[in-house]
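Shown next, in structure tokens, is the structure this report addresses.
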Amino acid sequence: MKGMVVMMRNFTYYAPTKVVFGRGAEAEAGRLVREQGAKKVLLHYGGGSAKRSGLLSRVAASLAAEGVECVELGGVVPNPRLSLVYKGIELCRAEGVDFILAVGGGSVIDSAKAIGYGVACGGDVWDFYARRRKAEGCLPIGTVLTIAAAGSEMSSSSVITNEDGWIKRGYNTDFCRLRFAILNPELTMTLPAYQTACGCVDILMHTMERYFNGGERMELTEAVSEALMRTVMRNARILLSEPDNYEARAEIMWAGSLSHNGLTGCGTDGGDWASHMLEHEVGAIFDVAHGAGLAAIWGSWARYVYRDAPELFERFALRVMNVAPGASAEETALRGIEAMEDFYREMAMPLSLRELGVEPSEEDIVNMAEKCALKGGGAAGVVKRLTAADMAEIFRAAR
Ligand code: NZQ
Ligand code: ZN
């Protein structure tokens, strides 16, 4: 770190989503939708948690009170599917929907974004995810978020799984950025502990993906990232014994949005993202929870690449994981990686693919690595540029 030359990159920071944060905030849904000039809303939701908790009917009542009509489409699953997106597009066209309200987590929001592209652009929406066409618009979208995790409420991405070949792909544009995000930390109190922990891992990972970058960085960005990661870990530990602690839920929820709205990437080259790319391959085939998949892979990735950026891993170890310095940057770096793995263990998160509950064959590993490299244009990552062979090694180490 001492004497390290830090280059800063020019950047554009664009985070146009209006955030309405706090207890009872979902009561604002109707007013916020009307503020957007919408007349007919698609109320999009997942497998039932929003219905069971009564949230969906509260939101529907808030829309009705503002004279906004709505149609419902539930059934979004984690790793959201293209087939439901097609169904949503048809429904929106048939019903003349002009706004989508996603009540749920990253999967529901991502499905809403895909439907929004499909309605606004026409043609086959998968073309965008397959990089065959570029979107030129998206229906306006808002959310009532129910899980702090993916950060889709403020991100420019949508990640969809095509069941035809089980291909999971992300597509990023500013068109899909949400008009508003209603963040009530109380809504996350019904989450199973496993999903809360998965969410915390994903939030940490969105920050780490940007923190571990190719060398262009900015002091303020790094300091924000470090504080964010420490805050998430401290409050995640509180939630282990006090899942209804509002303050801890609130700290984590806001961290989730800030970790993926670009703030922690300002002045950098955008970050590494190899762990995410590798996890998406696992999620596509084995349908695992995204955060748990990341926990299962990260340690193997970190051990594979840390010697290529020992100072950065050393800084992470000292400032985020608070370990005692070792005899060398590499030794300190390794202590930091171990400390993060210890944290994952404390959260009951898997540290290997086996612990994740999947046992890919050698053929699966080679396939996932090749698909991943292809999606990255031949390679992925910036801390160390990973080829398909490197990726396969990481998958093997993660077994
Ligand atoms: O479907 P329901 O019944 O609502 O259950 C969900 C789901 O099973 C449940 N849940 C959500 N809120 C709840 C609740 N259960 C009880 N009480 C609540 N308040 O939690 C489960 C997970 O929900 P999901 O929406 O899948 O979680 P998450 O927000 O982690 O989203 C994961 C998806 O987002 C993608 C992932 O790859 C994955 O497909 N990502 C999207 C990103 C983006 N658009 O920017 C970035 C991420 O890196 C990520 O790739
Ligand atoms: Zn993620």
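Atom set for the values below is all heavy atoms of this structure, side chains included, hydrogens, waters and symmetry mates excluded.
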Do [X] and [Y] sit within salt-bridge range, that is, some charged N less than 4.0 Å from a carboxylate O?
{"X": "K39", "Y": "E69", "answer": "no"}
{"X": "R315", "Y": "E311", "answer": "no"}
{"X": "E251", "Y": "R234", "answer": "no"}
{"X": "R307", "Y": "E330", "answer": "yes"}
{"X": "E35", "Y": "K18", "answer": "yes"}

If you measure from [atom1] on [X] to [atom2] on [Y], what distance do you get to the nearest 0.5 Å?
{"X": "L32", "Y": "L63", "atom1": "CG", "atom2": "CG", "answer": "10.0 Å"}
{"X": "L294", "Y": "D202", "atom1": "CG", "atom2": "CG", "answer": "5.5 Å"}
{"X": "K113", "Y": "S158", "atom1": "NZ", "atom2": "OG", "answer": "6.5 Å"}
{"X": "E281", "Y": "F286", "atom1": "CD", "atom2": "CZ", "answer": "11.0 Å"}
{"X": "R210", "Y": "S225", "atom1": "CZ", "atom2": "OG", "answer": "9.0 Å"}

Determine whether [X] and [Y] make a side-chain contact, defined as any pair of heavy atoms from C-beta on separated by less than 4.5 Å.
{"X": "V201", "Y": "M347", "answer": "no"}
{"X": "E341", "Y": "M349", "answer": "no"}
{"X": "M229", "Y": "M321", "answer": "no"}
{"X": "E279", "Y": "M205", "answer": "no"}
{"X": "V305", "Y": "F212", "answer": "no"}
{"X": "Y171", "Y": "I160", "answer": "no"}
{"X": "L228", "Y": "S259", "answer": "yes"}
{"X": "H290", "Y": "V159", "answer": "no"}

More than 12 non-hydrogen atoms from neighbouring residues, nucleotides or ligands closer than 6.0 Å to [atom1] on [X], yes or no?
{"X": "E90", "atom1": "CD", "answer": "no"}
{"X": "K87", "atom1": "NZ", "answer": "no"}
{"X": "R237", "atom1": "CZ", "answer": "yes"}

Quick check on side-chain contact (heavy atoms from CB on, under 4.5 Å): which of I109, V108, I141 does H44 satisfy it with? V108
Report the residue from L101, L73, V119 that forms a side-chain contact (heavy atoms from CB on, under 4.5 Å) with L42. L73
Backbone N/O of [Y] and side chain of [X]: donor-acceptor pair under 3.5 Å:
{"X": "T387", "Y": "A379", "value": "no"}
{"X": "K384", "Y": "D390", "value": "no"}
{"X": "T207", "Y": "I203", "value": "yes"}
{"X": "D272", "Y": "V383", "value": "yes"}
{"X": "Y246", "Y": "R23", "value": "yes"}
{"X": "S361", "Y": "D364", "value": "yes"}
{"X": "T221", "Y": "C266", "value": "yes"}
{"X": "S156", "Y": "N172", "value": "no"}
{"X": "R34", "Y": "V68", "value": "no"}
{"X": "R345", "Y": "L351", "value": "no"}

When you compare the side chains of [X] and [Y], does any donor N or O come within less than 3.5 Å of an acceptor on the partner?
{"X": "K51", "Y": "Y45", "result": "yes"}
{"X": "Y117", "Y": "T173", "result": "yes"}
{"X": "T268", "Y": "Y211", "result": "no"}
{"X": "E153", "Y": "S257", "result": "yes"}
{"X": "S53", "Y": "R58", "result": "no"}
{"X": "T161", "Y": "N79", "result": "no"}
{"X": "S107", "Y": "D110", "result": "no"}

Could you walk me through whether Y129 and W126 pass the ring pair (Phe, Tyr, Trp, His ring centres under 6.0 Å) test, one step at a time? CA-CA 5 Å; Y129 296 80; W126 185 251; 5.6 Å; yes
Geometric class of the W254/F21 ring pair [parallel <30°, tilted 30-60°, perpendicular >60°]: perpendicular
Does R177 count as lying over the ring of Y14, i.e. NZ or CZ under 6.0 Å from the six-ring centre, within 45 degrees of the axis? no
